[in-house]
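Residues take their numbers from the sequence shown, with the count starting at 1.
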Amino acid sequence: MEHRTARLTILIDPRKKQLFEELCARQDLNASQVVRKLIRQYLLDHLPDEDVPEWLRAYQNRRDEGEQTRS
């Protein structure tokens with residue numbers, strides 16, 4: 001589990017925020033969970049392999065295993 005000690009503040013259009021929160025609720029997730037997942041995915045997609053830290057590789061491995069079971 002990640003240590004949640006840093007805060008990220010963003011500005012977003014109120015209409016987008018409302019839609020985002022509604023969609024999160026339909027998926028039984030809160031906005032913070034989804035934003036953390038989006039950030040992890042962005043890092044994995046854009047960091048060169050040699051720059052991906054070990055703690056982030058664990059998420060990559062879980063994601064890859066999930067994709068293999070769906071195939």
Side-chain angles (χ1 to χ4, degrees):
M1 175 87 39
E2 294 177 28
H3 298 285
R4 291 171 178 82
T5 58
R7 181 178 300 262
L8 177 66
T9 303
I10 63 168
L11 298 175
I12 186 171
D13 177 272
R15 296 171 300 171
K16 288 182 191 135
K17 181 180 181 283
Q18 182 179 353
L19 285 172
F20 178 68
E21 289 174 336
E22 289 171 3
L23 181 57
C24 290
R26 279 189 262 164
Q27 297 174 336
D28 197 26
L29 298 167
N30 63 48
S32 293
Q33 290 172 303
V34 176
V35 170
R36 285 192 298 270
K37 182 178 179 179
L38 291 168
I39 290 171
R40 282 192 303 267
Q41 189 59 53
Y42 183 84
L43 292 171
L44 289 169
D45 288 348
H46 293 88
L47 281 173
D49 286 340
E50 62 271 8
D51 291 342
V52 176
E54 270 312 305
W55 59 264
L56 189 54
R57 287 189 195 280
Y59 291 102
Q60 185 176 32
N61 293 337
R62 278 189 277 187
R63 183 195 67 197
D64 292 345
E65 288 171 5
E67 288 175 1
Q68 289 174 359
T69 58
R70 282 182 269 168
S71 300

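- Side-chain atoms of L44 and V52, non-hydrogen and from C-beta on, do get closer than 4.5 Å to each other.
- Within the 4.5 Å cutoff, the side chain of L47 has no heavy atoms near those of the Y42 side chain.
- E21 contributes no side-chain N or O that, together with a main-chain N or O of Q18, makes up a donor-acceptor pair within less than 3.5 Å.
- L38 and L23 fall into different hydrophobic clusters, where Ile, Leu, Val, Met, Phe, Trp and Tyr residues are linked whenever their side-chain heavy atoms come under 4.5 Å apart, directly or through other members.
- Side-chain contact check for I10 versus L8: some heavy-atom pair is nearer than 4.5 Å.
- In the displayed structure, D28 atom CG is contacted under 6.0 Å by at most 12 heavy atoms of other residues, nucleotides or ligands.
- Shown here for A31 and C24, the closest heavy-atom pair between the two residues is CA-SG, 4.0 Å.
- Grouping the Ile, Leu, Val, Met, Phe, Trp and Tyr side chains by contacts below 4.5 angstrom, directly or via other members, places V35 apart from L19.
- Taking each heavy atom of R57 and D49 in turn, the nearest pair found is NH2-O, 2.5 Å.
- Under the 4.5 Å side-chain heavy-atom criterion for Ile, Leu, Val, Met, Phe, Trp and Tyr, F20 and I39 are members of the same hydrophobic cluster.
- Here the CD-CD distance, from E22 to Q27, works out to 12.5 Å after rounding to the nearest 0.5 Å.
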